[in-house]
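Along the sequence shown, residues are numbered consecutively beginning with 1.
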Amino acid sequence: MQSISILFVPSNARELLSWVAVLNNECIGNIHLQLESNKQIKFLDAWVHKDHRRQGIYRQLWDTRWKYVKEHYKGYKIYAWCKPMSLPLLIEKGFTEGDTCVYVSLNI
């Protein structure tokens, strides 16, 4: 298995922080968070390239972001919306499951 680098990418706007997984100078994954008022942080989506899924890259990205938040944002409330397949990781980290939401769409 080749070595994957996880790079921190702060935005110029300062409300969005990102980490990217890089392999052979290509982005193969990313994860984000958004800083909000009242000492809140929203964990945003993550993505891993389809050719690199099921190799622990999502977990590496998640753990890197988690370590950063725990070191820099003590006292903040963190929340996230997640897909059912991501829920076990959040529960493992101590999050409490809230109400279930259902996605709906309509083309007009």
Side-chain angles (χ1 to χ4, degrees):
M1 182 176 202
Q2 295 178 324
S3 178
I4 295 168
S5 299
I6 306 292
L7 305 175
F8 175 62
V9 183
S11 76
N12 290 334
R14 293 191 165 181
E15 289 90 20
L16 182 69
L17 303 179
S18 303
W19 290 261
V20 295
V22 178
L23 178 64
N24 298 326
N25 293 322
E26 286 188 47
C27 175
I28 59 168
N30 57 54
I31 198 164
H32 314 277
L33 68 78
Q34 182 175 346
L35 299 171
E36 297 182 344
S37 62
N38 300 322
K39 296 181 88 172
Q40 291 194 126
I41 294 174
K42 181 179 182 182
F43 277 7
L44 300 174
D45 60 334
W47 166 83
V48 175
H49 188 280
K50 64 183 173 101
D51 294 342
H52 298 280
R53 294 182 184 151
R54 311 305 268 164
Q55 298 175 26
I57 296 166
Y58 172 78
R59 172 68 81 145
Q60 283 181 271
L61 287 162
W62 209 100
D63 286 346
T64 300
R65 177 181 66 183
W66 186 241
K67 180 181 177 192
Y68 184 88
V69 166
K70 288 177 75 176
E71 289 175 0
H72 294 92
Y73 295 102
K74 288 188 186 337
Y76 278 64
K77 177 181 180 179
I78 301 168
Y79 72 98
W81 298 96
C82 70
K83 294 180 181 176
M85 65 189 320
S86 300
L87 184 58
L89 174 60
L90 288 141
I91 289 174
E92 172 190 314
K93 298 297 182 179
F95 285 76
T96 302
E97 183 177 357
D99 293 329
T100 301
C101 293
V102 178
Y103 173 79
V104 295
S105 68
L106 173 66
N107 290 332
I108 297 181

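Leu87 belongs to a hydrophobic cluster with Ile91, counting contacts under 4.5 Å between side-chain heavy atoms of Ile, Leu, Val, Met, Phe, Trp and Tyr, direct or through other members. Annotation for Tyr79: hydrophobic cluster partners, listed by chain and number, are Trp81 (ILVMFWY side-chain heavy atoms under 4.5 Å, direct or chained). Grouped with Val9 in one hydrophobic cluster are Leu7, Val20, Val22, the linkage being side-chain heavy-atom contacts under 4.5 Å among Ile, Leu, Val, Met, Phe, Trp and Tyr residues.
Transitive grouping of hydrophobic side chains (ILVMFWY, heavy atoms separated by less than 4.5 Å) brings Trp19 and Tyr73 into a common cluster. Val69 and Ile6 fall within a single hydrophobic cluster, where Ile, Leu, Val, Met, Phe, Trp and Tyr side chains are chained together by heavy-atom contacts under 4.5 Å. Both Ile57 and Leu89 are members of a single hydrophobic cluster when ILVMFWY side chains are connected at heavy-atom separations under 4.5 Å. By the criterion of side-chain heavy atoms lying less than 4.5 angstrom apart, applied directly or through intervening Ile, Leu, Val, Met, Phe, Trp or Tyr residues, Ile4 is grouped together with Val48 in one hydrophobic cluster.
Separation of atoms CD1 (Ile31) and OG (Ser18) is listed at 9.5 Å; rounding is to 0.5 Å. Once rounded to the nearest 0.5 Å, the distance linking NZ of Lys42 with CG of Leu16 reads 11.0 Å. The CH2 atom of Trp47 lies 8.0 Å from the CD1 atom of Ile28; values are rounded to the nearest 0.5 Å. The structure places CD1 of Ile78 at 8.5 Å from CG of Leu33, a figure rounded to the nearest 0.5 Å. With rounding to the nearest 0.5 angstrom, the CG atom of Leu35 is 11.5 Å from the NE2 atom of His72. To the nearest 0.5 Å, the span separating CZ on Phe43 from NZ on Lys93 amounts to 10.0 Å.
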Item to check | Worked check of side-chain contact (heavy atoms from CB on, under 4.5 Å) between Leu17 and Phe8 | outcome: CA-CA 8 Å; Leu17 303 179; Phe8 175 62; 3.9 Å; yes
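Counting heavy atoms from C-beta outward, Tyr58 and Ser86 have side chains that approach closer than 4.5 Å.
Scanning for salt bridge (charged side-chain N to carboxylate O under 4.0 Å, His left out) contacts around Lys70 gives an empty result, with sequence neighbours left out. Every residue was checked against the side-chain hydrogen bond (donor to acceptor under 3.5 Å, both in side chains) condition with Asp45, not counting sequence neighbours, and none meets it. Annotation: side-chain hydrogen bond (donor to acceptor under 3.5 Å, both in side chains) contacts of Glu92 (sequence neighbours excluded): Arg59.
For Ser3 against Leu23, the heavy-atom pair with the smallest separation is O-CD1, 3.5 Å.
Ring geometry, Trp66 versus Trp62: the interplanar angle falls from 30° to 60°, so the pair is classed tilted.
Around atom CD of Glu71, more than 12 heavy atoms belonging to other residues, nucleotides or ligands sit under 6.0 Å away.
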